[in-house]
Amino acid sequence: MKTLSQWSSMILRTFLNAEIKRKNARILVRRNSGTLTRRYTKKLKIAVPEKQGFEVFVNATTQKVTGYCIDVFETAVKKLSDDLDYEFSIYAGSYDELVHNVSSGIFDAAVGDITITAERAVYVDFTMPYTESGVSLLVLSENDSNSTIEWVFLKPLTAELWLATVGGFFFTALVVWMIERPKNVEYQGSSSRQCSTALYFSFSTLTSSHDQIIRSPLSKIVVVIWCFVVLVIVQSYTASLSSMLTAKRLRPSVTDLDQLLLNGDYIGYQSGSFVHAVLTKKGFAEKRLRSYTKKEEYAEALRKGSKNGGVSAIVDEIPYITSFLSNPQYQNEFQMVNRIYKTPGFGFVFPQNSPLVHNLSVAILDLTSGDEGSRIQANWLGSATTFPSYVIPNTDSAPLTLRSFSGLFIITVCISALMLLISISRSVHAKYTKVRDSDMQSADGDGGGEGHGGSGSGPLQNDVGNGPMTDQPHHEAGNEDSQGIHGGGESVGDGEPNGSVPIHTIQIEMNTG
């Protein structure tokens, strides 16, 4: 049997286990429902940063505290299951000092445009961010329309494409000239006339106003292909030039923070922001940094420039730059480029291990994912204002490159070269055929003369001795006349045997006859 002491210890353990379960259940219910622990049953003292500029985020005065960040906090608190009793206290100091004061217990929390950073998260807990953020450059835009001489018409095409196009005109002129010159009188004459005619015809394909006649089918094929290439390039050039003339011709004056560091330019930042620490880590000297608080100061410093008492760029968080650019008077004059530092965004500050961090984070997620968060943002920042997490690109139209038309140039060069090769082959073949026919005709003429001279008893030569005598009837008549002149002629013929006539007598008779 169990003793009395054993029974007593069993009852005590059972009671203690039940008490522990009840306490754990109460803690779990409080965490899930947002009920405050004993530490926060008092009225919370929440610090709000005092700002001289960008009051749209936080505007703290002795009468009331308003702004986008305040509105988000108050709306999120209303989503808690239990009421939260708090009061705002304006704090005039840096944001890092404000965070340390929450960590040391001087303030129970801090609400405002406080950026979540790794250095600050060591001492305090942040709620979920309610904005996207990051650090970017705000620079002055350069307007191309301020230049005295405009060369915009050259910008639609790159230098390589311009050279390739001009080379195409000269190449086409050369091919057409070589094909047409042998048979077309338009491409004949002096060297200057031939050159000017070929070049004029080639370049006139831009407007189809050429009046020179091309006769060869090969040159017509070359011209048709080149006209198609010119048509494509001209249409693309026109579209690109129209885009450049109608689009906003603004480009950032500065795009690289490292280049500003090498040049020794002055850089601006928002007073009290953690951006100062970011710039010093990147190597900027303290004397090259200038702090500003208002939008008007941003604009004035950028207009002056680094050499005239201003700055070359403003380094600030994207929500502030976006708010600055939302002003219509600054949209066409300034530009945001190159996000140089990433941050989670704005968050509310609480001491470490505070149960309010979890409860408010859930409320913020519910708020920002719904229509209510969009309504608050539109109310304070405008419906068109967004917090981009990417670099804002330049709006200039990119020029057309040679690579875009490389296929067309390859086709026209190959076809033109083929037509020229065919033309040269035909010309060589025609000359070879002409020479061969001439040789055959001369050979036939020599053979016919020898055959005619071999017939008969041998031709007689005249006193010149340059050819045979073929007039046989006339020769016979001469013989008859000579016989008639000599009368009976027997005494003369007695000196010659067989009654033959002396050769010199025949020659005289031929000359006199």
*Asks:* In plain terms, say whether Lys64 and Glu87 are close enough for a salt bridge, that is, a side-chain N and a carboxylate O under 4.0 Å apart.
*Replies:* no
*Asks:* Would you call the rings of Tyr320 and Phe346 parallel, tilted or perpendicular if under 30° counts as parallel and over 60° as perpendicular?
*Replies:*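 Correct class here is tilted.
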*Asks:* I'd like to check Lys295 versus Ser323 (side-chain heavy atoms, cut-off strictly below 4.5 Å). Are they in contact?
*Replies:* yes
*Asks:* Check the pair Phe348, Phe126 against ring-ring contact (aromatic ring centres under 6.0 Å, His included), reporting the backbone distance first and the verdict last.
*Replies:* CA-CA 6 Å; Phe348 303 133; Phe126 285 93; 9.8 Å; no
*Asks:* Ring centres of Phe54 and Tyr298 under 6.0 Å apart?
*Replies:* yes
*Asks:* Between Lys78 and Glu74, is there a salt bridge with N-O shorter than 4.0 Å?
*Replies:*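 The answer is no: the pair does not qualify as a salt bridge.
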*Asks:* Would Glu297 and Arg290 pass as an ion pair if we require N to O under 4.0 Å?
*Replies:*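 Arg290 and Glu297: not salt-bridged.
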*Asks:* Around atom NZ of Lys294, are there more than 12 heavy atoms from other residues, nucleotides or ligands closer than 6.0 Å?
*Replies:* no
*Asks:* The test is side-chain contact (heavy atoms from CB on, under 4.5 Å); show your working for Asp316 and Phe324 and say whether it passes.
*Replies:* CA-CA 11 Å; Asp316 206 349; Phe324 175 86; over 6 Å; no
*Asks:* Would you call Glu160 and Arg403 a salt bridge, using N to O less than 4.0 angstrom?
*Replies:*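 No, no charged N to carboxylate O under 4.0 Å.
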*Asks:* Take atom CZ of Phe203 as the centre, draw a 6.0 Å sphere, and report whether it contains more than 12 heavy atoms from other residues, nucleotides or ligands.
*Replies:*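 Counting other residues, nucleotides and ligands, CZ of Phe203 exceeds 12 neighbours.
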*Asks:* Looking at Asp265 and Arg288, is there a salt bridge between them, counting it only when a charged N and a carboxylate O are closer than 4.0 Å?
*Replies:*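 Between Asp265 and Arg288 there is no salt bridge, as every charged N stays at least 4.0 Å from the carboxylate O atoms.
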